[in-house]
Amino acid sequence: MNNFTQETQPQQPNDEARKNPTVENIQQLGQTATPGTDSNIFCMTIIGQVEGHIVLPPQNKTTKYEHLIPQLVAAEQNSKIEGVLIILNTVGGDVEAGLAIAEMISTLSKPTVTLVLGGGHSIGVPIAVSSNHSIIAETATMTIHPIRLNGLVIGVPQTFEYLDKMQERVNRFITSHSRITEEKLKELMFKTGELTRDIGTTVIGPDAVKYGLINAIGGVGDAIRELNRRIEEKRTAQTGGMVQ
């Protein structure tokens with residue numbers, strides 16, 4: 001009896017851990033807390049490759065856009081959440097999924113700050129500039145290149161027209177949410193000789209700020225300070241409006 005009791009007791013915490021919502025959030029979403037937390041800031045991470053309509057191999061580190069969309073909706077609806085911090089370290093991924101995430105971030109009514117750590121490449125660029133204020137680490141990089149298609153591509157004029165329209169959507173979003181000019185963006189995008197077997201440019205943190213792509217150099221502390229400042233400004237504006 002004693003031996004049987006000793007063997008079964010250690011298994012109970014493991015069973016409880018599987019039912020623990022915090023552990024489940026870490027495993028499924030990479031989050032220690034969802035927008036139901038007591039903090040007034042919701043932190044959302046976009047790590048690895050942005051997974052869209054096609055499921056990527058299990059060995060790929062991915063961020064699924066169907067996970068991010070309901071989180072952003074929940075953050076928008078939660079009255080306790082006053083600001084959203086988006087941390088990026090992504091190689092890019094699905095173009096339409098990335099644009100959908102970027103559009104959602106840009107249309108949130110609450111203050112938003114994006115922080116690029118490591119890299120914000122490809123479709124990560126529109127996501128990085130979609131917030132009210134963007135920050136990049138000094139050693140972080142952003143790769144700017146034209147849209148590419150994977151798999152079977154039919155070589156007809158309609159395919160190239162579709163690509164051109166999609167590229168225009170990406171360019172228009174980037175230029176309308178940052179200070180970079182369309183001419184400079186296209187210059188970086190179609191530059192040859194810098195990327196091996198590809199055209200485009202890898203932009204390091206200070207250069208991203210110099211080109212007007214990102215607002216400032218900084219880190220986590222700077223991002224949270226900026227977000228808190230914007231939250232306080234919004235509180236003041238709302239209070240002032242009520243007094244009037």
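Predicted model only: the values in this text are computed from it and were never measured.
- Contact detail for Arg179 and Ile214: the closest heavy-atom pair is NH2-O, 3.5 Å.
- To the nearest 0.5 angstrom, Arg172 atom CZ is 10.0 Å from Leu99 atom CG.
- No option in Leu72, Thr63, Leu85 other than Leu72 meets the side chain to side chain contact (heavy atoms under 4.5 Å, CB included) test with Met44.
- Closest approach of Gly124 to Thr90, counting heavy atoms only: CA-CG2, 4.0 Å.
- The heavy-atom pair separating Leu56 from Glu51 by the smallest distance is N-OE1, 3.1 Å.
- Atom CD of Glu233 has more than 12 neighbouring heavy atoms from other residues, nucleotides or ligands inside a 6.0 Å radius.
- Here the shortest heavy-atom pairing between Ile81 and Ile41 reads CD1-C, 4.4 Å.
- Across all their heavy atoms, Val203 and Ile144 have their closest contact at CG2-CD1, 3.9 Å.
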*Let me see the working for Val113 and Asn132 under side chain to side chain contact (heavy atoms under 4.5 Å, CB included), right down to the final yes or no.*
CA-CA 6 Å; Val113 171; Asn132 302 134; 5.9 Å; no

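- The pair Lys191-Glu187 does not meet the salt-bridge criterion, since no charged nitrogen lies less than 4.0 angstrom from a carboxylate oxygen.
- Under 3.5 Å, the side chains of Asn228 and Glu232 contain no donor-acceptor pair of N or O atoms.
- Of all the heavy atoms in Ile231 and Glu82, the pair that sits closest is CG1-O, 3.5 Å.
- Taking 4.0 Å as the cut-off between side-chain N and carboxylate O, Arg229 and Glu226 count as a salt-bridged pair.
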*Start with the C-alpha gap between Ser106 and Ser130, add the side-chain angles, then the distance that decides, and say whether side-chain hydrogen bond (donor to acceptor under 3.5 Å, both in side chains) holds.*
CA-CA 5 Å; Ser106 67; Ser130 63; over 6 Å; no

